[in-house]
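Structure first, then comments.
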2 protein chains.
Amino acid sequence: MANQNMTLRDLAKALKLSTSTVSKALRDSYEIGEKTKKKVTNYAKKVGYRPNTLAKSLKEGKSRTIGVVICSIDNTFVSQLLNGIDYACNNRGYSIMIMQSKESHSQEIKCIDLLYGRSIDGLLISPACETPDSDHLTKYHNLGLPIVLFDRYSDELDLPKVSINNLEASYDATCHLIGNGYTKIAILHSNTRLNINIQRLQGYKNALEAHHIPINEAYVKPCDFHDTEILKQSIETAVKELMALSDPPTALLATSDQISTQSISIIKNLGYRIPQDLALVGFTNTTLAASLAPPLSTVYQPAKEIGEIAANKLLDLIDGVDRDDKSSATIYLTTNLIERASSKPLPSASERITFKSQNNA
Amino acid sequence: MANQNMTLRDLAKALKLSTSTVSKALRDSYEIGEKTKKKVTNYAKKVGYRPNTLAKSLKEGKSRTIGVVICSIDNTFVSQLLNGIDYACNNRGYSIMIMQSKESHSQEIKCIDLLYGRSIDGLLISPACETPDSDHLTKYHNLGLPIVLFDRYSDELDLPKVSINNLEASYDATCHLIGNGYTKIAILHSNTRLNINIQRLQGYKNALEAHHIPINEAYVKPCDFHDTEILKQSIETAVKELMALSDPPTALLATSDQISTQSISIIKNLGYRIPQDLALVGFTNTTLAASLAPPLSTVYQPAKEIGEIAANKLLDLIDGVDRDDKSSATIYLTTNLIERASSKPLPSASERITFKSQNNA
DNA sequence: TTGAAAGCGTTACCAT
DNA sequence: ATGGTAACGCTTTCAA
C-alpha cells in the first residue's frame, strides 16, 4: 500500500498542535481560528498531505464506494451502462468497484459477498441470467445494504429498479415488422426467468395478437446465455431449426444485444440473405449498426442514462435523500426504434407470395 | 456502510476468549489449539461473521486493491483489456477500482490522486492521449507506488509496459495494402505524443520506404481524440481533404479502434465506396468487423491478454515476486492481421488506371 | 479556540 | 496455547 506518507499526527507534531486541531482545521471546522486554519492548510499543501481514506472510512462507517455487479464488462451495452454509473458516482464523490458474474449465479453470490466484505455503501446489480431466485439479494437487503437493480431484474424482488419499458419495446419492434408486411415473425430470446426476457417475449406476443396473427410456438426460440460460444451455437441451431420448418419465418426479432450482434453473421453464414430471406430487428446499442451489411434495425436503449439514474437512485438511498427503497421507486425509460434496411418493407409482390405460401401450409 | 455486523470482539465475548485468540484461530495460526480453532470457526460461520476488510487493510498497510486508469470504459477494445485485468486480479485475490481519464490530462491526474488516496497497492494505467509529460506518474512511482503501463505508453517513462508491437503491426498492415496493389496509401492517426501512435506512424512509413514508395506528407492525417464528436469531425475533414487532393489516395490505414469504426460510416456517407474508391484497413477488435459492409480488414490486438499480462506483472511487483519495475520488464505482444474485403486486391485493370492517373498528376 | 482521549476492527508483539 | 495491549490514521466527544 502506497499511502505511507504524512499523517495527521505528523502534521500536528510539525506545527506543534494536536491532531484533533489539525483534523478540524483541515475540515474547516467552526471550532478553529482562521489563522490556525491557514497555517495548517498551507503546511498540509506544502508537504503534500493526503488523508488516508481507509482510516476515515473505518472511523466514519462509510466507504463512499459502491459495488457494481454486471454479467460481463466486455459488452457494448454494459460498458455504456457502466459509463453512466461512473459519471453519476464521480459527480457525487463516490467510487465504484465492479465485479462480473459471468452469468453464473454462484459467481454472482461470490461477487456480492466480496463487495460486502469490502464495506460498500450500496449495491448496483444487474443479475445473472442464471439467477434462480433472489434470496441472496434479500439477505443483504435485510442486512441493511441499499440495493438498486438496473437493466435486468426479477419481479419477485421488492427493490428499486431502473430499466426500459421492455414490453413496449418489443411490442413496437414487432409492430414495425408487421407494418412492413411481415407476418411470419420468429423471436430469439434468452433462456432466463428474468423479467427483462419475460416481458420482451410478452411484448412480441401481444403485438401479434393485436394484429390477429396467431402465435406459432415453433417461432419462439430460447437461446442459451451461459457463454459466448454456447450462445453462438444455440443461435445457429435456432436459426437452422426455424428455417427448416415447413413454414419458415420471414422475419426475426433478436431480443438482446448479444443475440442481435451474433445472429447477423450466423444468418449470413448459413446462406440466408437479410432481409430477403429473413428480416431482422435487434436490441443493440452498437454504433456500428448503421455500417453493418445490411444496416441493422435496432431497438436502442438509453444505456448511459439507465446507469446514471440507477446510480443516482442508489446514492439518494445511501445519503438518505430518498427513503423509498421499494420497487415502487422503479423507473422505466423509453427506447428508440431505429428502422434500417434489415427490416425494410416487404415489396408487395413478395408480400403476396408470402401470404400464398402461408395459405398452402 | 453495511458491514455493521459481528466483530472479532463480539465473537471473543461470546466464546469467552480474547480477540487475539479469535483472530489467530480464524487465520489458522499455529499458536492456537485444534479444538479452539474448531470452536471459533464453527461459531463464526454460524453467526455469519465477516471480517472488516477496511480495518484489515488499515492495519496491514495493504488494501489488495489496484487502481486502473483508462481513457474511457465505453469502448470495445478497452472493455476487453479490462476483462483481462479483472480476470488476473480475481485469480489473485485483488479487486480493481476503475477510473476514466476521458483523454484529459488533468482528469488523469485527478484519477490517480483519488486512487492513491484510496490506498491502492498499485496502478495500471493507459495514459490519456492528451498527456504532455509523465511527471505525475514519476512522482507517484517515486512515492513507492508500483505502476505498470498497458496498451498506451510513453517512452520517457522507465516503467514496465505491456502493449503490442505497434511498429510491426502497422508495417504489416501497410505491406498488406501494398501487396494487394495499392500504392497511394493514406494514414489516419491520433494526435498524440504517445509511443503507440508514433510507432504506428513509423511502421507505415517504414513499409512504404521498404517498397520504394515515396512518403507523401499530405497523406498523413492526425485526428483529434479529445471526444467522440470531435473525432468524427476530424475524421470527416481528413477524408474530405484526402479525397480533394489532386492525387487522392486509394487506400487508408486507420490506426486505432475508434478511428477505424468511425471512419467506415464517414467514408460511405461522403459517397465513397470501400474498397473501390478507398480501401480500408483498421485497428479494431470488434466482433462485428466481419459483418460490416464491406467486411473490414483489421489488425486484431490480443486485448484480454494484454490486460491479463499487465495485471499479473503489477501483482508480481506488489507481491514482491518480481523486482524488475523498470521498462526492461516491457512485453510486446504480436497482433493478427485479418484480411477481408475492405482491402481486397486491386483488379489489375483498375491498378493500371491508378498508375495512369498518378502519372497525370 | 484548542487538546486529550476513546474508539472504528483488525493484527502483532510480548507476556503469561 | 492464550490473552493484554498497542497500533494503523482518522473523527469525535468532552474538557480545559
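Just so it is clear: chains get the letters A, B, ... in the order the sequence lines come, proteins before strands, and each one is counted from 1.
The side chain of A/T36 lies closest to C/dT1 when the candidates are D/dG3, C/dT1, C/dA5. In the set C/dT2, D/dC10, C/dT10, the nucleotide with an atom closest to the side chain of B/K56 is C/dT10. The side chain of A/T21 lies closest to C/dT2 when the candidates are C/dT2, D/dC10, C/dT10. Residue B/Y49 has its side chain nearest to C/dT10 when only D/dG9, D/dT12, C/dT10 are considered. Considering only the side chain of B/N52, C/dT10 comes nearest among C/dT10, D/dG9, C/dA5. Nearest nucleotide to the side chain of B/K24, out of D/dT12, D/dA1, C/dC13: C/dC13. Side-chain atoms of B/S20 lie closest to D/dG4 of the nucleotides D/dG4, D/dC10, D/dT11.
The distance from atom NZ of A/K13 to atom C1' of D/dG9 is 13 Å, rounded to the nearest whole Å. Regarding B/K62, its NZ atom lies at a distance of 19 Å from the P atom of C/dT10, rounded to whole Å. Taking atom CG on A/L11 and atom P on D/dG9, their separation rounds to 12 Å, with Å as the unit. In this structure, B/L54 places its CG atom 12 Å from C1' of D/dC10, rounding to the nearest Å. The CZ-P distance, from B/R64 to C/dT10, rounds to 17 Å in whole Å. When rounded to the nearest whole Å, the span between CG of B/L58 and P of C/dC8 equals 14 Å. One can place CD of B/E31 at 13 Å from P of C/dT11, the figure rounded to the nearest angstrom. In this structure, A/D28 atom CG and C/dT1 atom P are separated by 12 Å, rounded to whole Å.
In this model, the phosphate group of D/dC10 is not approached by any side-chain N or O of A/R27 to a distance below 4.0 Å at OP1 or OP2. Look at A/R9 and you won't find any side-chain N or O under 4.0 angstrom from OP1 or OP2 of D/dA7.
Between B/D319 and B/R92, at least one side-chain N (NZ, or NE/NH1/NH2) sits under 4.0 Å from a carboxylate O, which counts as a salt bridge. Using a cutoff of 4.0 Å between basic side-chain nitrogens and carboxylate oxygens, A/E60 and A/R27 are scored as salt-bridged.
If B/G33 and A/T19 are placed on DNA chain D by their nearest nucleotide, the residue sitting closer to the 5' end is B/G33. The 5' end of DNA chain C is approached more closely, in terms of each residue's nearest nucleotide, by A/S18 than by the other of A/S18 and B/S23.
In A/Y43, the OH atom is crowded: over 12 heavy atoms of neighbouring residues, nucleotides or ligands sit closer than 6.0 Å.
Annotation for A/D121 and A/S63: closest pair OD1-N, 3.0 Å, computed over non-hydrogen atoms.
Side-chain N/O atoms of A/T21 and A/S18 include a donor and acceptor closer than 3.5 Å.
For B/K59 against C/dT10, a side-chain-to-base donor-acceptor contact under 3.5 Å is absent.
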